[in-house]
Each structure stands twice: as C-alpha cells, then as structure tokens.
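Convention: sequence-line order gives letters A, B, ...; per-chain numbering from 1.
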2 protein chains.
Amino acid sequence: MQTLFSHIRKYCQLSDESLHRLGSVLKPVELEKGSLLITEGKVCQHVYFLERGCLRGFYNVDGREITYWFAFENNFVTSLLSFVTRLPGMENIQLLEDCKLWAIAYDDLQTLYQTHTDINTLGRIMNERYYVMLEERFVSNHFREARDRYENLLARAPHILQRVPLGHVASYLGMTQETLSRIRAKS
Amino acid sequence: MQTLFSHIRKYCQLSDESLHRLGSVLKPVELEKGSLLITEGKVCQHVYFLERGCLRGFYNVDGREITYWFAFENNFVTSLLSFVTRLPGMENIQLLEDCKLWAIAYDDLQTLYQTHTDINTLGRIMNERYYVMLEERFVSNHFREARDRYENLLARAPHILQRVPLGHVASYLGMTQETLSRIRAKS
DNA sequence: CCGCTCATTTGACATAAATCAAAAAAGAAA
DNA sequence: TTTCTTTTTTGATTTATGTCAAATGAGCGG
C-alpha cells in the first residue's frame, strides 16, 4: 500500500486523514496470469492500482480481439467507460503476468470524492492524465505506415516490447502479427 | 452564457456562488470560419465553451493533416494535453464555421478548482466524459474495413456528415477522401 | 533430454485502399 | 448569369498489408 501512496504523492498532496481513509477502503487482490480482471457485459465496480505485474485491455471488435492498452506497475486500471457511466462495458482486462493489485469500490470512491476535497482533486488529475495518455496513443496510431507506428512505439515505450507477446503488440499497433514480425526482421 | 450554465446543469449542480464566480471570469470570443483557435507549438491557455458553430482538431502527422476530432454546439473545447501538462501542444483547432465561444483562462480555472469544490467536481466529471468519448472513438477506429468505420459513424454521429466537408471526415475515419467517396457511392 | 504447447517467423498469394490524375459538381463572388 | 474556387467523384494503376498455411524456435513439465 505504501507503493500506492508514494505513487499518489507524485501527483498531488493528500492529507494524512485522506490517506488513512483511502487505505481503509482498499482491498488487496492477487490474481494469476491469464485471468480476467474485468469482463465485457458487466458494470465495472472497481478502480485498481497495479502494484506488480502487467495486463492488457482488449475489445472484441468485428470478431477479433483488439488490444488497445497495456498497464504496468504503478498504474491505475479500470474500465473507465463502464465505471463512470454505470453501464455494462465492452472492455476486457486480462493479466499478462501474475499480479498484485489494490481495489477500491465505486461507492467508496464516490463517498471519498464527496467528503475529501483533496481526493476529488486527485481523481480529476488522474483523469486528466489518462486522457492525455489515450490521446497520445490515438495520435500515434494515425501514422500512415505500419513501420512508423512500430518505430514510434520503440521510441516511446520500448518496455512494452520486452514484456508483452508480439501478437498483442501487433494488435495494439493496428497490424497483424505477421506484419509486425516482418517489420522487425527488416530493422 | 445561459446556454453554458444550462449545459453544466445537466452534469452537476453548481451553487449560485460558483456559477457567479465562473461567469465573472468567462470572456466572450467570436471568430470567423477558417481561423485557428489553438495552434501547435504553443501552450494552450484556455478552455472554451462552444456556444455556436463547429470546429475540428487536427495534428500534422507524417506531413499531412490528421483530423481527429469535431466539436459542435454545447461542447467544451481545448487542447487538453497542452492545457494540463503546461507544455507546447501538437494540436491545432480550426473553425469550420463562424463561432461564438466563451473562454476561461488556465489560472482562473485552477483558482476556481481550489476555492470551489463543486467546480472541482465539475472538472472531474467533464474529464471523465471526455475520456469516454475519446475511447469510443478510439475503439471504432479499430474496425478493420473502411466501410465499417463509415457505417459506424453514420450510426453514431450522422450530424458530422451534414456539417463537415468530406475531406475532413475521411481523415477523421482514417481513409483518403477518394475512398470515402467511393464507399458513399456504393451505399 | 524429450515431447508438448505456445510464440514467432517465413512464404505465396489476394485484396483493400492509397496514389496520381483529371473530370464533374457545387458554392461563392462578381 | 458568368466566372472562379472549392469540394466531390471517377478512373487507372500501384502497393502495403492482410490472409492462409506451414516451418521454426522457445519455454516448460515430466
């Protein structure tokens, strides 16, 4: 839990009281590689903090899995769309390694938002950051050529290539596994 | 300004005091079709509320303009990435029609966030909504075939096709203008 | 070390969509 | 209306990437 607290501290200052309250509603979660943390068709009830491990978010579009997101240590994870709208989501989140997480339930978080201004601010800042990250991804996806998208990834997030099977990376980059393999061969 | 206030009311309840303070820092902006509201390379200093007109956000990627966003009446508009990070952005926002907007400056907004809890909450909720919209766009962009992306747009946001030149729509859908034209011909 | 499974690479071929170029249509201005 | 500009469509051709299929390689348990 200290990992989480020191991660939060990077973005904004919470009072001891707020940290304590936050700590009291967090539940530890340990799951093993391959299991699904969040599945489509359900209303997402938690935000998770990923302390150890990595995972991917994917959609089923057009009959195939589209990986569109990876998370590693020290990231908040949720199906934000479903969590925010309280509607069933289309998103799945799957563990790519054994993971250690902390969970906070929707209702608990809303209560904290109302009772602790600094936690409300934390929520806003985290949302801003997540928007920014998604937008960066969105833009780099518009590189015309597959090779450019790969090289952009290599420059911006090489750690993904070191920890994630290439099939998922290819999907993430919007190309087939074969295309990614050929691009890498010619580098 | 009443248009803005009643838009806000849809998402959360602000106190009269908060609305009044907000009103006192809003500046009216009127610009004509074609002008640039936000240009790349600068730190974005405002969030705008679009009361009348429409506009597009675009990046220069790979030597060409990529339109990745449209806004119409009753939307907040900014280069969120730059606004949030305080770094020069890559984004341009251009008016597609003559527009009437209201502007709020970064410093004013931060002050309001600190002094008025309900405005902080409004900020968080707006961020959540913007994340969700971007994610929906992101996912629909992953439809494999150009025709599927077009039909998804037709189903979800047909008003875009009625107000925006097809060249921009094609870019938005990740295809050339010629391809979009051919798809439409065969519908 | 062997055999199993899963991940990755390689090859041959098909095709959706890009490119280049020009015509047609639609709007705006005179 | 006529002219000028911008937007949209159509045609011919090229190309990057997808598809299908098979081979190779890596990791793991027995």
Side-chain angles (χ1 to χ4, degrees), chain A residues 32-36 53-56 58 60-68 70 94-98 140-154 158-187, chain B residues 32-36 53-56 58 60-68 70 94-98 140-154 158-187:
Chain A
E32 61 183 23
K33 179 173 171 171
S35 48
L36 288 166
C54 78
L55 35 79
R56 69 175 180 125
F58 69 93
N60 285 299
V61 175
D62 218 9
R64 57 190 74 196
E65 288 185 1
I66 306 286
T67 295
Y68 78 109
F70 298 110
Q94 184 183 42
L95 278 61
L96 297 175
E97 300 175 359
D98 296 348
S140 65
N141 247 40
H142 276 106
F143 282 111
R144 204 163 42 92
E145 310 246 335
R147 152 162 257 112
D148 293 338
R149 296 198 296 280
Y150 170 72
E151 282 172 0
N152 184 258
L153 181 72
L154 210 55
H159 59 281
I160 291 179
L161 286 154
Q162 284 151 22
R163 277 175 82 175
V164 175
L166 288 182
H168 295 325
V169 177
S171 169
Y172 178 80
L173 290 174
M175 64 186 78
T176 60
Q177 177 159 282
E178 293 92 326
T179 298
L180 178 57
S181 177
R182 280 184 251 263
I183 286 171
R184 284 161 59 83
K186 281 194 218 124
S187 286
Chain B
E32 61 182 25
K33 178 174 172 172
S35 48
L36 289 166
C54 80
L55 35 79
R56 71 176 180 123
F58 68 94
N60 285 299
V61 176
D62 218 11
R64 58 190 76 196
E65 288 185 1
I66 306 285
T67 295
Y68 78 110
F70 297 110
Q94 183 183 42
L95 279 61
L96 298 175
E97 300 175 358
D98 296 348
S140 65
N141 245 40
H142 276 105
F143 282 111
R144 202 163 43 92
E145 310 246 334
R147 151 162 259 109
D148 293 338
R149 297 198 297 279
Y150 171 70
E151 282 171 0
N152 185 260
L153 181 71
L154 210 53
H159 59 281
I160 291 179
L161 287 153
Q162 284 151 22
R163 277 175 82 175
V164 175
L166 288 181
H168 295 326
V169 177
S171 168
Y172 178 80
L173 290 173
M175 64 186 76
T176 59
Q177 177 159 284
E178 293 93 326
T179 298
L180 178 57
S181 177
R182 280 185 252 265
I183 286 171
R184 285 161 59 84
K186 281 193 219 128
S187 285

Trainee: Of all of residues 179-186 of chain B, which get a heavy atom below 4.0 angstrom from DNA chain C, listed by number?
Mentor: B:Thr179, B:Arg182
Trainee: More than 12 heavy atoms of other residues, nucleotides or ligands under 6.0 Å from CD of A:Gln162: is that the case?
Mentor: yes
Trainee: Contact class for B:Arg147 (heavy atom, under 4.0 Å): base, sugar-phosphate, or nothing?
Mentor: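 Touches nothing.
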Trainee: Round to a whole Å and report the spacing from CG of A:Leu166 to P of C:dT10.
Mentor: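 Rounded to whole Å, this separation is 12 Å.
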Trainee: To the nearest Å, give me how far apart CD (B:Gln162) and P (D:dT8) are.
Mentor: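 Rounded to the whole Å, the gap is 14 Å.
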Trainee: Please give, in whole Å, the distance from C:dT9 P to A:Met175 CE?
Mentor: 13 Å
Trainee: Round to a whole Å and report the spacing from CZ of B:Arg64 to C1' of C:dA18.
Mentor: 9 Å
Trainee: Please tell me if the side chains of B:Tyr172 and B:Val164 come closer than 4.5 Å, counting only heavy atoms from C-beta onward.
Mentor: no
Trainee: Are A:Ile160 and A:Leu153 side-chain neighbours, meaning at least one heavy-atom pair lies under 4.5 Å?
Mentor: yes
Trainee: Please classify the nucleic acid contact of B:Glu178 as base, sugar-phosphate, or nothing, using heavy-atom distances under 4.0 Å.
Mentor: base
Trainee: List the atom pairs, donor and acceptor, that lie under 3.5 Å between side-chain atoms in residues 178-186 of chain B and the rest of the protein, sequence neighbours left out.
Mentor:
residue: B:Thr179; atom: OG1; partner: B:Thr176; partner atom: OG1; Å: 3.0
residue: B:Arg184; atom: NH1; partner: B:Tyr150; partner atom: OH; Å: 3.4

Trainee: Whole angstroms only, please: what is the NZ-C1' distance between A:Lys33 and C:dA7?
Mentor: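 Taking NZ of A:Lys33 and C1' of C:dA7, I get 11 Å after rounding.
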Trainee: Short question: side chain of B:Gln94, backbone of B:Gly34 - any donor-acceptor pair under 3.5 Å?
Mentor: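 Side chain of B:Gln94 to backbone of B:Gly34, a donor-acceptor pair under 3.5 Å: yes, one is there.
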Trainee: For a quick test of reading the model, state the closest non-hydrogen atom pair linking A:Ala146 to A:Met175 and the distance between them.
Mentor: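 In this case the closest contact between A:Ala146 and A:Met175 is O-CE, 3.3 Å.
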Trainee: Which heavy atom in A:Gln177 sits nearest to a heavy atom in A:Gly167, and how many Å separate them?
Mentor: OE1-CA, 2.7 Å
Trainee: Contact between B:Val169 and B:Thr67 at the side-chain level, heavy atoms closer than 4.5 Å - yes or no?
Mentor: no
Trainee: What stems, by residue range, does DNA chain C take part in, given at least 3 consecutive Watson-Crick or G-U pairs under 3.5 Å?
Mentor: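 The stems that DNA chain C takes part in, listed by first number, are C:1-30 with D:1-30.
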Trainee: If you compare every side-chain N and O of A:Thr176 against the phosphate oxygens of D:dT17 (OP1, OP2), does one of them come in below 4.0 Å?
Mentor: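 For D:dT17, OP1/OP2 do not have a side-chain N/O of A:Thr176 under 4.0 Å.
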Trainee: Test your reading of the model: is there a side-chain donor-acceptor pair from A:Arg149 to the backbone of A:Gly174, 3.5 Å cut-off?
Mentor: yes
Trainee: Would you kindly compare B:Gly174 and A:His168 by the position of their nearest DNA chain C nucleotide and give the one closer to the 5′ end?
Mentor: A:His168
Trainee: Rounded to whole Å, how long is the line connecting atom CG of A:Leu96 with atom C1' of C:dA7?
Mentor: 14 Å
Trainee: Rounded to the Å, how far apart are B:Gln177 CD and C:dA24 C1'?
Mentor: 14 Å
Trainee: Is there a side-chain contact between A:Arg144 and the phosphate of D:dT17, meaning an N or O under 4.0 Å from OP1 or OP2?
Mentor: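 No.
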Trainee: Could you tell me how far apart A:Arg149 (CZ) and D:dG18 (C1') are, to the nearest whole angstrom?
Mentor: 12 Å
